Engineer: 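Please find one structure pasted underneath; my questions will follow.
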2 protein chains.
Amino acid sequence: MSKEDAMSRTPPRDRIIETARELFRKHGLRGVGVDAIAEAAGSNKMTLYRHFGSKDDLIAACLTEAGKEAAQEWDEWDAEFPDDPMNQLHEWIGCAVSCAIEDPRGCDIANAAIEITEPDHPARKVIAQVKSAHRDRLARICRDAGFPDAELLADALTLLVEGARVSWQTVGPQGSGSRFVSVAEAVVAAFAERGKRAV
Amino acid sequence: MSKEDAMSRTPPRDRIIETARELFRKHGLRGVGVDAIAEAAGSNKMTLYRHFGSKDDLIAACLTEAGKEAAQEWDEWDAEFPDDPMNQLHEWIGCAVSCAIEDPRGCDIANAAIEITEPDHPARKVIAQVKSAHRDRLARICRDAGFPDAELLADALTLLVEGARVSWQTVGPQGSGSRFVSVAEAVVAAFAERGKRAV
DNA sequence: TTTGAATGTTACAGACCGGTCACAGCCTGT
DNA sequence: ACAGGCTGTGACCGGTCTGTAACATTCAAA
């Protein structure tokens with residue numbers, strides 16, 4: 001009963017966020033109600049509303065948490081290959097979509113951006129901030145690795161990974177998304193050769 | 001009153017599909033009810049249900065219609081640059097995301113794939129079919145243009161455009177999505193040079 | 001003119017939703 | 001032992017949703 005133990009030990013707020021992220025991912029933001037989330041988290045609707053003022057705020061909190069997790073992953077790559085941006089880049093390419101094999105539901109943040117239609121939704125700024133940070137870290141690695149067109153390469157890789165996670169949801173494992181690693185490596189190689197010739 | 005005239009002349013089924021596509025695009029699939037669609041189409045819920053057995057079937061019909069429109073666009077490029085795949089490719093790159101400037105809601109089909117969580121939803125096969133056809137036509141152009149790595153280039157461009165339309169919804173005009181044309185052209189150029197050197 | 005199919009209208013069923021209230025319990029720090 | 005904050009419980013409100021039933025209307029073809 002280690003799971004139930006952990007459930008009862010962690011404060012309700014954390015359990016609710018974790019459970020909400022699971023259910024949102026599985027059924028979509030509009031596909032699951034706050035009551036179901038609270039119950040699945042071993043709590044109830046009232047405490048949910050005492051921690052998060054509304055469902056929309058809960059969604060924003062979940063995406064903030066997702067952004068924190070992503071940043072942690074970047075930090076781990078930083079620590080794994082210190083001062084070796086080229087290996088960091090290859091590691092990123094390898095990991096960026098690999099998770100999709102088990103759970104083909106793509107990126108929670110991108111999915112939320114698509115599912116949320118209100119322009120003033122509290123989650124919108126979280127989405128923009130996390131995604132911008134992602135591109136910025138990618139651009140920094142490309143610059144550190146010495147690519148002359150580092151910014152353009154960062155844009156290319158950003159679009160590729162974003163597209164791969166969508167492609168996985170549209171056509172599944174037969175689609176272009178499953179060739180993301182080959183494509184990304186080819187693009188990186190092409191940009192590297194371009195740089196060499198320019199020098 | 002040509003618009004109202006057209007509304008009353010066209011059969012209800014077509015009006016409903018057209019209206020549904022607009023509203024689905026604006027508010028999401030789950031963000032608008034069948035009653036609102038029927039009323040906005042100048043019809044009513046009952047006739048809607050007589051033409052489409054369920055809301056899910058209506059969604060599938062809307063995506064089928066979207067797929068037909070996309071195919072028509074490809075045919076126009078074919079007719080505009082007959083036997084000139086390189087220009088067809090450039091035209092595709094220019095048009096693929098340009099529409100996003102006015103309406104940043106991305107691709108209806110990809111959005112639907114993300115919003116639909118049921119694996120057996122009637123729209124799923126439509127989504128997969130349309131997206132596969134898109135990649136196939138792109139691959140054919142790349143092959144006709146003589147790219148040695150035509151399949152890989154088609155995958156790259158597919159992922160890029162898919163990612164661009166998502167990026168537009170996450171970070172807006174400041175994001176990588178607005179650099180799609182530059183990125184895609186750079187990737188095409190890199191693949192072309194690769195081919196030359198390989199020859 | 002009559003017939004019949006397509007369409008419109010109204011009402012309803014049953015379920016779910018987000019959000020709030022009043023009240024009861026628990027558990028910790030003092 | 002006691003006080004106070006956090007948590008749990010169940011009921012409730014008003015609204016919306018998909019889908020159906022029964023009935024009225026229009027309109028074109030025969």
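Please read all numbers here as calculations on a predicted model, not as lab measurements. Proteins get letters first, then strands, A, B, ... in listed order; numbering begins at 1 in each.
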Engineer: Counting side-chain heavy atoms from C-beta on, which of D:dT18, C:dT9, C:dT20 comes nearest to B:Lys55?
Structural biologist: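 Between D:dT18, C:dT9, C:dT20, the one nearest the side chain of B:Lys55 would be D:dT18.
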Engineer: Indicate whether any N or O donor in one side chain lies under 3.5 Å from an N or O acceptor in the other, for B:Thr158 and B:Asp155.
Structural biologist: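 No.
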Engineer: What's the closest nucleotide to the side chain of B:Pro12 if the choices are D:dT18, C:dT7, C:dG19?
Structural biologist: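 Nearest to the side-chain atoms of B:Pro12, counting from C-beta on, is C:dT7.
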Engineer: Toward the 5' end of DNA chain C, which comes first, B:Asn44 or A:Arg30, by nearest nucleotide?
Structural biologist: B:Asn44
Engineer: Does B:Lys131 form a salt bridge (charged side-chain N to carboxylate O under 4.0 Å, His left out) with B:Glu162? I'd like the steps, not just the answer.
Structural biologist: CA-CA 10 Å; B:Lys131 284 295 180 188; B:Glu162 212 77 77; 3.0 Å; yes
Engineer: Check this one for me: any side-chain N or O of A:Ser43 less than 4.0 Å away from OP1 or OP2 of D:dT7?
Structural biologist: no
Engineer: Mind calculating the distance between CG (A:Asp56) and C1' (C:dG18) to the nearest angstrom?
Structural biologist: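 Those two atoms, CG and C1', are 10 Å apart.
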Engineer: Looking only at the side chain of A:Arg15 (C-beta and beyond, no hydrogens), which of the listed nucleotides D:dG8, C:dG19, C:dC21 gets closest?
Structural biologist: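 Closest nucleotide to the A:Arg15 side chain: D:dG8.
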Engineer: Is any N or O donor-acceptor pair between the side chain of A:Lys45 and the base of C:dG19 shorter than 3.5 Å?
Structural biologist: yes
Engineer: Is the shortest side-chain N/O distance from A:His51 to OP1 or OP2 of D:dC6 below 4.0 Å?
Structural biologist: no
Engineer: Just how far, in rounded Å, is C1' of C:dA6 from CG of B:Asp14?
Structural biologist: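 Interatomic distance, CG of B:Asp14 to C1' of C:dA6: 14 Å.
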Engineer: So A:Arg143 and A:Glu151, salt bridge (charged side-chain N to carboxylate O under 4.0 Å, His left out) or not? Walk me through it.
Structural biologist: CA-CA 8 Å; A:Arg143 279 197 307 271; A:Glu151 301 297 326; 2.8 Å; yes
Engineer: Rounded to whole Å, please give me the gap between OH in A:Tyr49 and P in D:dC13.
Structural biologist: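 So the two atoms are 18 Å apart, to the nearest Å.
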Engineer: Just the rounded figure in Å: distance from P of D:dA21 to CE of B:Met46.
Structural biologist: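 From B:Met46 CE to D:dA21 P: 8 Å.
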Engineer: Once you round it to whole Å, what is the distance between C1' of D:dT18 and CG of B:Leu29?
Structural biologist: 15 Å
Engineer: Mark yes or no for a side-chain to base donor-acceptor pair under 3.5 Å between A:Arg50 and D:dG5, with no hydrogen or angle criteria applied.
Structural biologist: no
Engineer: Does A:Asp75 pair with A:Arg137 as a salt bridge, N-O distance under 4.0 Å?
Structural biologist: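 Yes, A:Asp75 and A:Arg137 are salt-bridged.
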Engineer: Could you check whether atom CG of A:Asp83 has more than 12 heavy atoms from other residues, nucleotides or ligands sitting under 6.0 Å from it?
Structural biologist: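 No, CG of A:Asp83 has 12 or fewer neighbouring heavy atoms, counting only those of other groups under 6.0 Å.
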Engineer: How long is the line joining CG of A:Leu48 and P of C:dG19, in whole Å?
Structural biologist: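 It is 10 Å, rounded to the nearest whole Å.
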Engineer: Can you measure A:Glu39 atom CD to D:dT7 atom P for me and round it to whole angstrom units?
Structural biologist: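 Spelled out: CD on A:Glu39 to P on D:dT7 is 18 Å.
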Engineer: Distance check needed: C:dC21 C1' versus A:Asp35 CG, whole Å only.
Structural biologist: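 From A:Asp35 CG to C:dC21 C1': 15 Å.
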